[in-house]
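We count residues from 1, following the sequence as given. Remember, it's 1-based here, ligands and their atoms both numbered in the order they're listed. Quantities reported herein were computed from a predicted structural model and do not represent experimental measurements.
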Amino acid sequence: EEGLHPTKYPWEHAKWNKTFDHQALRRGFQVYQEVCASCHSLSRVPYRALVGVTHTVDEAKAMAEANEYDSEPNDEGEIEKRPGKLSDYLPRPYKNDEAARAGNNGALPPDLSLMAKARHGGIDYIFNLLTGYPDEVPAGAVVPEGLNFNPYFPGTGIAMARVLYNELVEYEDGTPASTSQMAKDVTEFLNWSAEPEMDQRKKMGVKVITITLALFALSVWVKRYKWAAVK
Ligand code: HEM
């Protein structure tokens with residue numbers, strides 16, 4: 001059964017000649033970190049990937065160091081704890097899928113790294129899902145025990161409850177943290193995690209188009225110049 005078709009939004013960063021809004025990405029990371037990361041991993045993103053995207057190198061280092069990772073085994077084969085480094089990946093909230101299910105009524109919170117590409121509807125789906133929990137379950141809807149009603153989720157019964165509420169986080173840039181603002185920011189951030197090369201690709205595209213147009217204009221001028229005497 002399909003969910004309600006997500007509303008399409010005119011995402012600024014999705015336009016062919018626009019890049020990500022990096023202030024939005026930074027806010028979106030904050031939402032991921034403070035809200036989603038307690039259940040969802042982002043296993044394809046190392047701290048170094050955040051450098052120059054959402055954070056400075058010193059900030060990213062400090063965030064990595066705030067976590068503990070297993071060291072390489074020493075000469076005695078013992079594994080110790082060491083602080084994180086830029087090359088480490090963001091930590092997972094659970095040791096394994098079994099623990100993740102145990103913490104979520106049997107449901108598995110999927111890794112979010114590629115979520116923006118994984119579901120039909122892409123970023124519109126994620127935004128609609130996060131903001132689409134109605135205050136009251138509509139009359140006639142059947143919601144199985146332990147699930148939550150969300151019309152955008154295929155089947156409408158989802159193990160994830162509504163997580164975003166106004167003022168849940170406090171943005172350092174002063175942006176009011178409404179439910180929809182946080183949903184927009186974290187969705188844009190998840191678009192980046194699924195497509196970190198997007199800015200680069202579009203900048204290259206604009207260059208290619210500019211140079212091609214310039215060369216074409218030049219060729220028109222040369223043709224006219226060469227044929228001027230004949231006409
Ligand atoms: C599923 C996003 C926070 C638990 C999902 C899905 C997305 C998502 C996109 C996939 C839905 C699908 O399969 O189509 C987010 C975001 C969060 C967040 C962006 C933060 C803003 C949380 C939190 C928890 C949680 C805090 C746990 C308390 C789950 C679970 C599922 C899920 C258990 C699986 C649902 C099911 O298959 O029924 N989430 N989530 N999520 N999420 Fe979250």
Less than 3.5 Å between some nitrogen or oxygen of Ala159 and one of ligand 1, yes or no?
yes
Side chain, backbone, both or neither: Asn104 near ligand 1, heavy atoms under 4.0 Å:
side chain
Please tell me whether Asn191 and Trp11 have a donor and an acceptor in their side chains that are separated by less than 3.5 angstrom.
no
Would you indicate whether the side-chain heavy atoms of Leu86 and Pro46 approach each other to under 4.5 Å?
no
Record the part of Leu147 in heavy-atom contact with ligand 1 below 4.0 Å; permitted values are side chain, backbone, both and neither.
neither
Heavy-atom proximity to atom 24 (C) of ligand 1, best of Cys39, Gly155, Ala100, Gly146:
Cys39
Would Tyr9 and Phe127 count as a close aromatic pair, with their ring centres under 6.0 Å?
yes
I need the contact type for Tyr32 against ligand 1. Using non-hydrogen atoms and a strict under-4.0 Å cut-off, is it side chain, backbone, both or neither?
neither
Winner among Val35, Leu108, Ile126 once heavy atoms are compared against atom 34 (C) of ligand 1
Leu108
Going by atom types alone, do Asp111 and Ser43 pair a side-chain donor with an acceptor below 3.5 Å?
yes
Atom indices of ligand 1, in the order listed, that fall short of 4.0 Å to a heavy atom of Tyr125:
11 (C), 12 (C), 14 (O)
Counting heavy atoms only, name the option from Cys36, Ala37, Gly3 that's nearest to atom 17 (C) of ligand 1.
Cys36
Arg119 N/O to ligand 1 N/O under 3.5 Å
yes
Which residue from Pro154, Pro110, Ala116, Ala183 reaches closest to atom 10 (C) of ligand 1 through any of its heavy atoms?
Pro110
Heavy-atom proximity to atom 43 (Fe) of ligand 1, picking from Gln33, Met182, His40, points to His40
